[in-house]
A.B. asks: 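I'd like to ask some things about the structure below.
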Amino acid sequence: MSMATDVPILIVGGGIGGMAAALALARAGFAAHIVERSPEFGEIGAGIQLAPNALRILGGLGVLPELTALAVRPRHLVLMHADTGEHLTTVDFGEPFERRYGHPYAVMHRGDLLAVLLRACRADARITLESNREVTELADCGGVARVRLADGGSYDCDAVVGADGLWSTARALVSDDHPRTDAFVAYRGTLPASDMALLASRDAAPAAADDEIIWIGPHKHLVQYPIRRGELYNQVAVFRSWRYSPAAELAGTWGTPAELDSSFAGACAPVRAGAALIDRDRRWVMYDREPLDNWTTGRITLLGDAAHPMVQYLAQGACQAIEDADCLARQLTAGDGDVVKAFAAYQAERIPRTALIQRAARAWGTIWHDDGPVIPLLRDRILTRRERDDYTDLDWLYQARPEAS
């Protein structure tokens with residue numbers, strides 16, 4: 001067996017969370033090494049939403065100017081009823097929003113975000129990166145954490161951060177749980193902004209081309225917003241599959257394109273037109289996991305979706321991974337490099353917040369998709385009465401917290 005390579009901090013996973021963690025650690029003076037199982041560093045998917053809580057941290061990492069050049073700052077979030085076409089509410093993302101939270105709301109291509117983070121990592125001498133390296137085993141050995149790779153290589157590390165996503169290998173060290181789904185799936189895709197003219201009756205929505213629109217209704221929703229400087233238009237169609245069963249969960253026999261069409265057949269004209277243009281090549285199952293009360297064993301801890309995968313209804317998955325990265329670097333600095341002490345402080349700060357957001361995201365999905373006689377009635381009554389600059393219900397999510405200042 002070959003000798004193990006020594007690295008101070010190893011990050012398993014080169015996605016948005018792993019890259020943000022490496023940058024935060026490097027900016028704090030720590031060396032970090034990223035291993036990614038894919039042949040190349042890259043993101044699958046299209047749009048991503050970055051709220052002020054994430055932009056605040058990305059600004060501190062020095063990448064905000066480059067991100068701003070690629071992102072779109074929607075003027076409003078417009079919430080519509082998917083079936084009736086009724087306008088439910090508008091959230092003003094303009095000057096009052098930015099004044100309150102210190103940063104705007106931004107949307108962009110996931111690949112653009114990762115490319116900016118990757119360039120920043122490669123430009124920092126404290127960060128090294130390897131792709132095509134699959135981690136097969138992790139173990140805390142007291143004074144060192146050992147990581148073994150599929151190609152026979154291994155690392156001895158002062159600390160390991162498992163940022164390896166929903167199907168995390170690292171998570172198995174602290175939990176034997178499995179991802180769970182409520183039978184919702186998503187189809188995602190982009191189209192040239194010029195093709196937006198193909199969407200019928202767009203004037204039915206009280207929204208401009210640079211606004212984000214979310215159409216919600218019984219067992220479905222459609223999200224629409226521009227990305228990549230407004231050159232592309234991103235769409236996400238989500239619906240409940242009635243063909244789902246636990247036995248068929250990992251098969252491709254449920255959540256099919258035919259079900260997508262059937263689910264949106266009763267929607268209003270703009271939603272039907274948008275859903276008809278969604279890419280059908282791949283479906284994403286809406287997974288999350290139960291919140292954990294521990295992410296850490298010795299010198300190994302979790303970050304991002306490996307720690308707290310959440311359904312997408314609050315658009316906080318990547319934002320929370322970025323918050324994790326900031327907290328981890330702060331706690332390692334505060335602990336003067338004492339990994340065990342820092343990891344304990346890190347999860348003590350992060351677990352309550354991420355667990356709250358995981359549960360709130362589930363609840364928000366229920367509110368969006370319910371078809372009963374009570375919840376939709378109360379939802380629509382409350383939403384239609386709110387003012388567009390009433391941010392009371394967003395403060396807990398977007399405002400800076402004392403421990404992060």
A.B. asks: Within this structure, what is the CG-CG distance for the pair Leu88 and Asp380, rounded to the nearest 0.5 Å?
C.D. replies: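 Those atoms lie 5.0 Å apart.
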
A.B. asks: Could you state the interatomic distance from CG (Asp182) to CG (Asp288), rounded to the nearest 0.5 Å?
C.D. replies: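 Rounded to the nearest 0.5 Å, the CG-CG separation comes to 7.5 Å.
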
A.B. asks: For Ile11 and Ala163, work out which heavy atoms get closest and say how close.
C.D. replies: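 It is CG2-CB, 4.2 Å.
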
A.B. asks: Quick one: does Pro309's side chain get under 4.5 Å of Glu290's, heavy atoms only?
C.D. replies: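 The answer is no; the side chains never approach within 4.5 Å.
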
A.B. asks: More than 12 non-hydrogen atoms from neighbouring residues, nucleotides or ligands closer than 6.0 Å to CD on Glu387, yes or no?
C.D. replies: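 Atom CD in Glu387 is not packed in, count stays at 12 or less.
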
A.B. asks: Within 45 degrees of the axis of the six-membered ring of Trp254 and under 6.0 Å from its centre: does Arg283 put its NZ or CZ there?
C.D. replies: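 Yes - Arg283 lies over the ring of Trp254, closer than 6.0 Å to its centre and within 45° of its axis.
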
A.B. asks: Taking atom types as modelled and ignoring hydrogens, do the side chains of Glu130 and His33 form a donor-acceptor contact shorter than 3.5 angstrom?
C.D. replies: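 Looking only at side-chain atoms, His33 and Glu130 do form a donor-acceptor pair, the distance falling under 3.5 Å.
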
A.B. asks: Between Ser262 (side chain) and Ala258 (backbone), is there a donor-acceptor pair under 3.5 Å?
C.D. replies: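 Here the side-chain-to-backbone pair does not exist.
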
A.B. asks: Hey, are Arg73 and Asp210 close enough for a salt bridge, meaning a charged N less than 4.0 Å from a carboxylate O?
C.D. replies: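 Salt bridge: no.
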
A.B. asks: Main chain of Ala172, side chain of Ser175: is a donor-acceptor contact present, judged purely on distance under 3.5 Å?
C.D. replies: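 No, Ser175 side chain to Ala172 backbone: no donor-acceptor pair under 3.5 Å.
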
A.B. asks: Taking only Lys NZ, Arg NE, NH1 and NH2, and the carboxylate oxygens of Asp or Glu, determine whether Asp389 and Arg100 approach each other closer than 4.0 Å.
C.D. replies: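 The answer is no: the pair does not qualify as a salt bridge.
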
A.B. asks: So which atom in Ile16 and which in Leu117 form the shortest heavy-atom distance, rounded to 0.1 Å?
C.D. replies: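 Taking Ile16 first and Leu117 second, the nearest heavy atoms are O-CD1, 3.9 Å.
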
A.B. asks: Looking at Arg146 and Glu137, does any basic side-chain N land under 4.0 Å from a carboxylate oxygen?
C.D. replies: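 Salt bridge absent between Arg146 and Glu137.
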
A.B. asks: Tell me whether Thr89 contacts the main-chain N or O of Leu383 through its side chain, where contact means a donor paired with an acceptor under 3.5 Å.
C.D. replies: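 Yes, because the side chain of Thr89 sits within donor-acceptor range (under 3.5 Å) of the backbone of Leu383.
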
A.B. asks: Quick check against the 3.5 Å criterion: does Gln235 have a side-chain atom that pairs as donor or acceptor with the backbone of Leu222?
C.D. replies: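 Such a contact is absent between Gln235 side chain and Leu222 backbone.
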
A.B. asks: Please step through side chain to side chain contact (heavy atoms under 4.5 Å, CB included) for the pair Tyr155 and Arg133, ending with a clear verdict.
C.D. replies: CA-CA 12 Å; Tyr155 289 98; Arg133 305 296 305 276; 3.4 Å; yes

A.B. asks: With a 4.5 Å limit on heavy-atom distance, are the side chains of Tyr187 and Val236 in contact?
C.D. replies: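 Tyr187 does not reach Val236 side chain to side chain.
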
A.B. asks: Taking the side chain as every heavy atom from C-beta outward, state whether Thr392 and Asp390 have any pair of such atoms under 4.5 Å apart.
C.D. replies: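 In short, these two side chains touch, coming nearer than 4.5 Å.
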
A.B. asks: Does atom CD (Glu95) have a neighbourhood of more than 12 heavy atoms from anything else shown, all under 6.0 Å?
C.D. replies: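 Counting neighbours around CD of Glu95, more than 12 heavy atoms of other residues, nucleotides or ligands fall under 6.0 Å, so yes.
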
A.B. asks: Taking Thr256's backbone N and O only, do any of them form a donor-acceptor pair with Glu259's side chain (distance below 3.5 Å, no angle check)?
C.D. replies: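 Flag set: sc Glu259 to bb Thr256 pair under 3.5 Å.
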
A.B. asks: Does the side chain of Phe343 reach to within under 4.5 Å of the side chain of Leu328, using non-hydrogen atoms?
C.D. replies: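 Yes; the side chains approach each other to less than 4.5 Å.
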
A.B. asks: Quick one: do Asp124 and Arg27 make a salt bridge, cutoff under 4.0 Å?
C.D. replies: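 Salt bridge flag = yes for Arg27 with Asp124.
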
A.B. asks: Working note: Leu23 + Ile127, criterion side chain to side chain contact (heavy atoms under 4.5 Å, CB included); need CA distance, chi angles, decisive distance, verdict.
C.D. replies: CA-CA 8 Å; Leu23 275 177; Ile127 300 174; 4.0 Å; yes

A.B. asks: Quick one: CG on Leu64 to CD on Glu66, what's the gap to the nearest 0.5 Å?
C.D. replies: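 The distance works out to 10.5 Å.
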
A.B. asks: Do the side chains of Arg280 and Asp261 get close enough for a salt bridge, i.e. N-O under 4.0 angstrom?
C.D. replies: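 Looking at Asp261 together with Arg280, the answer is yes, because their closest N to O distance falls below 4.0 Å.
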
A.B. asks: Evaluate Ile213 against Tyr225 for side chain to side chain contact (heavy atoms under 4.5 Å, CB included), listing each step before the verdict.
C.D. replies: CA-CA 6 Å; Ile213 311 175; Tyr225 54 83; over 6 Å; no

A.B. asks: Nearest 0.5 Å please: distance from the SG atom of Cys327 over to the CD1 atom of Ile322.
C.D. replies: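 Reported to 0.5 Å precision, the distance equals 14.0 Å.
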
A.B. asks: Check for a donor-acceptor pair, side chain of Arg272 on one end and backbone N or O of Ala276 on the other, with a separation under 3.5 Å.
C.D. replies: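 No, the answer is negative, given that no donor and acceptor are paired below the 3.5 Å cut-off.
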
A.B. asks: Can you confirm whether Arg353 sits close enough to Gln320 that some side-chain heavy atom of one is under 4.5 Å from a side-chain heavy atom of the other?
C.D. replies: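 A side-chain contact exists here, since the closest heavy-atom pair is under 4.5 Å.
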
A.B. asks: For Ala318 versus Ile48, what's the shortest heavy-atom pair and its separation?
C.D. replies: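 Minimum heavy-atom separation between Ala318 and Ile48: CB-CD1, 3.4 Å.
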
A.B. asks: For the atom pair NE2 (His308) and OG1 (Thr354), what is the distance rounded to the nearest 0.5 Å?
C.D. replies: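 The OG1 atom of Thr354 is 5.0 Å from NE2 of His308, to the nearest 0.5 Å.
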
A.B. asks: Is there a side-chain contact between Glu86 and Cys268, using heavy atoms and a 4.5 Å cut-off?
C.D. replies: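 Side chain of Glu86 against side chain of Cys268, heavy atoms only: no contact under 4.5 Å found.
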
A.B. asks: Please find out if less than 6.0 Å separates the ring center of His76 from that of Tyr105.
C.D. replies: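 Ring centres of Tyr105 and His76 not closer than 6.0 Å.
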
A.B. asks: Checking side-chain hydrogen bond (donor to acceptor under 3.5 Å, both in side chains) for the pair Asn234/His109: CA distance, chi angles, key distance, verdict?
C.D. replies: CA-CA 8 Å; Asn234 181 70; His109 198 290; over 6 Å; no

A.B. asks: Against Asp140, only a single residue in Thr296, Val160, Ile300 fulfils side-chain contact (heavy atoms from CB on, under 4.5 Å); can you say which?
C.D. replies: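 Testing Asp140 for a side-chain contact (heavy atoms from CB on, under 4.5 Å) against Thr296, Val160, Ile300 leaves exactly one candidate, Ile300.
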
A.B. asks: For Tyr346 and Asp324, which heavy atoms make the closest approach, and how far apart are they?
C.D. replies: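 In terms of heavy atoms, the two residues are closest at CE1-O, 3.5 Å.
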
A.B. asks: Between Asp395 and Tyr101, is any side-chain donor less than 3.5 angstrom from a side-chain acceptor?
C.D. replies: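 Result is yes, a qualifying pair exists.
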
A.B. asks: Let me confirm one number: the CG-CG distance from Leu113 to Leu70, rounded to the nearest 0.5 Å.
C.D. replies: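 Result: 9.5 Å between the selected atoms.
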
A.B. asks: Any side-chain heavy atom of Arg386 within less than 4.5 Å of one from Val91?
C.D. replies: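 Side-chain contact under 4.5 Å: yes.
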
A.B. asks: Would you mind reporting whether Leu292 and Val174 have side-chain heavy atoms less than 4.5 Å apart?
C.D. replies: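 They are in contact (side-chain heavy atoms under 4.5 Å apart), so the answer is yes.
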
A.B. asks: Backbone N or O of Tyr287 within a donor-acceptor pair of the Arg180 side chain at under 3.5 Å?
C.D. replies: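 Looks like no, no N/O pair under 3.5 Å.
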
A.B. asks: Any cation-pi pair here, Arg362 with Trp364, using under 6.0 Å and within 45°?
C.D. replies: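 The answer is no, since Arg362 fails at least one limit relative to Trp364.
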
A.B. asks: Determine whether Glu249 and Tyr244 satisfy the following criterion, side-chain hydrogen bond (donor to acceptor under 3.5 Å, both in side chains), listing intermediate values before the conclusion.
C.D. replies: CA-CA 7 Å; Glu249 181 168 337; Tyr244 169 80; 2.9 Å; yes

A.B. asks: Is the distance from the ring center of His219 to that of Phe184 below 6.0 Å?
C.D. replies: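 Here the rings of Phe184 and His219 have centres that are no less than 6.0 Å from each other.
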
A.B. asks: Just by distance, do the side chain of Glu349 and the backbone of Ala345 share a donor-acceptor pair under 3.5 Å?
C.D. replies: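 Pair absent, no side-chain N/O of Glu349 close to backbone of Ala345.
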
A.B. asks: Can you name the nearest heavy-atom pair linking Gly17 to Leu303, along with the distance?
C.D. replies: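 Smallest heavy-atom distance, with atoms named: O-CD2, 3.6 Å.
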
A.B. asks: If you draw the axis of the six-membered ring of Trp284, does the NZ or CZ of Arg188 fall within 45° of it and under 6.0 Å from the ring centre?
C.D. replies: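 Cation-pi check for Arg188 and Trp284: passes.
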
A.B. asks: Between Lys220 and Asp83, is there a side-chain N and carboxylate O pair less than 4.0 Å apart?
C.D. replies: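 Counted as a salt bridge, because a side-chain N and a carboxylate O are separated by less than 4.0 Å.
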
A.B. asks: I'd like to know if the side chain of Glu323 pairs up with that of Asn53 as donor and acceptor (distance under 3.5 Å, no hydrogens or angles considered).
C.D. replies: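 Yes - a donor-acceptor pair under 3.5 Å links their side chains.
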
A.B. asks: Give a yes or no on whether Asp293 atom CG has more than 12 heavy-atom contacts from other residues, nucleotides or ligands under 6.0 Å away.
C.D. replies: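 At most 12 heavy atoms, drawn from other residues, nucleotides or ligands, come within 6.0 Å of this atom.
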
A.B. asks: Compute the centroid of each ring, for Phe239 and then for His221, and state whether the two points are separated by less than 6.0 Å.
C.D. replies: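 Distance test on ring centres: not under 6.0 Å, no.
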
A.B. asks: Given the rule in the side chain to side chain contact (heavy atoms under 4.5 Å, CB included) test, do Met310 and Ile357 qualify, once you have shown the distances and angles that lead to the verdict?
C.D. replies: CA-CA 8 Å; Met310 55 189 66; Ile357 294 172; 3.6 Å; yes

A.B. asks: For the pair Arg110 (side chain) and Ala46 (backbone), establish whether a donor and an acceptor sit closer than 3.5 Å, ignoring hydrogens and angles.
C.D. replies: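 No, because the side chain of Arg110 does not come within donor-acceptor range (under 3.5 Å) of the backbone of Ala46.
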
A.B. asks: Ignoring hydrogens and angles, tell me if any N or O in the side chain of Thr90 forms a donor-acceptor pair with the backbone of Val78 under 3.5 Å.
C.D. replies: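 Judged by distance alone, no pair lies under 3.5 Å.
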
